[in-house]
Q: 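Let me give you the structure first, and then I'll get to my questions.
Whatever order the structure lists them in is the order used to number ligands and atoms, beginning at 1. Because only heavy atoms are used, hydrogens play no part in the values below, and waters and symmetry mates are left out as well, while side chains stay in. Note that the coordinates shown come from a computational prediction; the quantities given were computed from them, not determined experimentally. The first residue in the sequence is number 1, and the count goes up from there.
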Amino acid sequence: MNPAQPHPKQDADSLPAVPASALVSWADSLELAVLFEPGANRVLEVNRAFARKFGQPGPAWVGHDMAALIHPEDAEEWTQAFPRLARPPFHIAREHRWQTAQGWRWIAWEETAVRDAEGEVCAVRSIGRDVTKHRLAEEHFRKLAQAVEQAPVSIVLTTPGGTPQYVNSRFTEVTGFTLEEIFEGQIPLLRDGHPSEAAYRHFCALVASGKKWSGELCSKRKNGTEAWELVQVSPIRNHLDEITYLLCMREDISERKALEDQLRQAQKMESLGTLAGGIAHDFNNIISIIRGFTELSLILPPGDPRLARYLGSVHAAAVRAASLVSQILAFSRKTEVAYRAVQVNDQVRELAGLFSETFPRNIEQCYQLDDSIEAFAADPDQIRQVLMNLCVNARDAMPEGGTLTIATSRVAGQTLSGLKVDPAQDYAHIRVSDTGMGMAPEVRARIFEPFFTTKQEHGGTGLGLAVVYGIVANHHGVIDLESTPGSGTVFHVYIPLKVRANPPVANPGDWVKSQLPAGTERVLLVDDEAPIQEMLGAALSDAGYRVVSAQDGTEAIQHILTVDAHVDVVVLDLNMPRMSGLDVLKVMRARSPEVPVLVITGNLTPLVQAELVAMGHTAILEKPFDLVAFGRALREVIAAQAKG
Ligand code: ADP
Ligand code: MG
């Protein structure tokens, strides 16, 4: 940096031989002036400005070593330049750090050799200015420029008309355009990505009026691929308040967009899980109808007119099943739910990426994965769903932050005492724990219930854990938890490492040989599904029972309250509108405890089961069942009652 020279350049040859006079014209100057002996660096004279700057009166400087004032890092360079002063033009300009009264300062010196009559250099005259402020500003500017250049967002400066003036390297990297293409070609940098001409005009008008614009644009890269960007354009004004440039910053959010899509798909899966639960219930009814009527039809004597009616019911049930299936298919394009080899650790790792992008920063994630777990047969989408739902709940439980830990390990069934596991089987143990709010016992008792949520205001669906429960049960696994209010929750999921073989399929001819066991009792048959009513009623009548039907709980109660004396046994469906089977059972227990009850249900949740057991009721038959099993179960409850 060459400071301006306010004084006429001195012709070195015309300078007087007596060095002392060399500073005369700088005596009152604001510039620092010093005269010193070359080589020894001894000060000969300083002006007032120098004395002030370096904090000692002028005369005190005489004989002082100049080199003692320079910054140690600059000293060598300073000394090495002196030989150049002995050669024309006998002049150098440079900047170094010096120890002044205000501390280290950058000083720009103009140094000239002062020569005697023989032309020998007898002194060095240095005229200097403090350029510290300037240096710092420059430094600051350099850092700023570096930051802009290396910023992870694309930064573009254009004229108000959109002609590019500057782009940083991120911009060229993301778009694939070269600098020539950008500055010489006619690439409409600001137009790019706006969905329509009208949208672009709106943008231009807004920016021209001095306002900031921001939005998400999908722009085309040079190679033709599309990229989603979060774009912000703001005007830059000069001191006259005129808009001189537009500053455009673009952040690549393609990845975030992809994650959003993934989450949407995941939510769809969650709803699918619930839907599947409801559908399973419907299907169990349909299967009961088809099986029952088929069994009835097969034992009808040839030519019996009831055959056509029974087959009509089978057909109607099949049509209903088909429509249910098409509903599921319409809901999710993924049709096959396939058991495949699932490596749970890989799934956890995959989700970890998603969580670190989407979970709040105040939630620390911790993974303890045991890689000795072998792959097990499972539906990968469903296992992912389990992990996802548990982790999302853990996140929700830590609004103030905390630690989410996912751990996997392999455990032997025999070590899991107190859980309904096969002791001969090894299990994959997946542990999801949080350091969040935990659960009160009354919440904990209900969490697996569909639609139970404590997050009403936050849009909780209450389906997460119901889905988890269903999936784990489908995989013959078990789920367990520990929760302490105020300090956190741990969910344990155990999935068998070898899937159990499916229960043996009954020989299709079996039922013919064994007929529904006969009886003469009066049966109150309570089921809201008319075909099931009809089917069970017909089967019971055929076997000799006398059948009284009730379409729902209220009707059943009416029967019990008015004509209970005539009922020997009750067959009770649990899942009914208005008054549930459980409520009917309570009334019956109070009113006529001696009447035996066979509960039939297509959806036996652990909660309902617990409630039944609490009432001392254990005669439960799960749908779908075949008629022979039904008949046997009925005889069993009657016999048990007679004994008790
Ligand atoms: P949702 O999350 O939509 O409320 P879920 O079935 O996922 O439904 O969970 C049901 C309820 O269980 C939650 O509303 C919450 O009260 C409780 N819960 C689930 N997981 C946790 C957890 N990790 N910590 C505390 N409470 C939890
Ligand atoms: Mg949830």
Q: Between atom CG of N393 and atom CZ of F491, what is the distance when rounded to the nearest 0.5 Å?
A: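 CZ of F491 is found 6.5 Å from CG of N393.
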
Q: Does one side chain, of Q365 or Y367, offer a donor that lies under 3.5 Å from an acceptor on the other?
A: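 Per modelled atom types, Q365 and Y367 side chains form a pair under 3.5 Å.
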
Q: Regarding ligand 1, does M439 bring an N or O atom to under 3.5 Å of one of the ligand's N or O atoms?
A: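 The answer is no, given that M439 and ligand 1 share no N or O pair closer than 3.5 Å.
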
Q: Side chains of E482 and H492: any donor to acceptor distance under 3.5 Å?
A: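 On atom types as modelled, these side chains qualify, holding a pair under 3.5 Å.
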
Q: Any non-hydrogen atom of G436 lying under 4.0 Å from ligand 1?
A: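 Not so, G436 does not reach ligand 1.
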
Q: Out of I447, L404, V392, whose heavy atom sits nearest atom 17 (C) of ligand 1?
A: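 Shortest heavy-atom distance from atom 17 (C) of ligand 1: I447.
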
Q: Begin from the C-alpha positions of C391 and L351 and carry the test side chain to side chain contact (heavy atoms under 4.5 Å, CB included) through to its verdict.
A: CA-CA 10 Å; C391 292; L351 284 174; over 6 Å; no

Q: If the plane angle is over 60° it's perpendicular, under 30° parallel, otherwise tilted; pick one for H194 and F203.
A: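 If you compare the ring of H194 with that of F203, the planes turn out tilted.
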
Q: Would you check whether D434 reaches within less than 4.0 Å of ligand 1, judged by its heavy atoms?
A: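 Right, D434 reaches ligand 1.
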
Q: Does only the side chain of T454 get under 4.0 Å from ligand 1, or the backbone, or both, or neither? Count heavy atoms.
A: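 Both backbone and side chain.
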
Q: Considering non-hydrogen atoms only, spot the tightest contact between G292 and M535 and give its length.
A: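 Taking G292 first and M535 second, the nearest heavy atoms are CA-SD, 3.1 Å.
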
Q: Heavy-atom contacts with A397 under 4.0 Å: which atoms of ligand 1 show up? List them by number with element.
A: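 Near A397, meaning under 4.0 Å from one of its heavy atoms, ligand 1 has 22 (C), 24 (N), 25 (C).
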
Q: Hey, does D396 come in under 3.5 Å of ligand 1, counting only N/O atoms on both sides?
A: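 No: no nitrogen or oxygen of D396 is under 3.5 Å from one in ligand 1.
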
Q: Quick test of your reading of the structure: of T453, N393, V443, whose heavy atom lies closest to atom 20 (N) of ligand 1?
A: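 Minimum heavy-atom distance to atom 20 (N) of ligand 1 goes to N393.
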
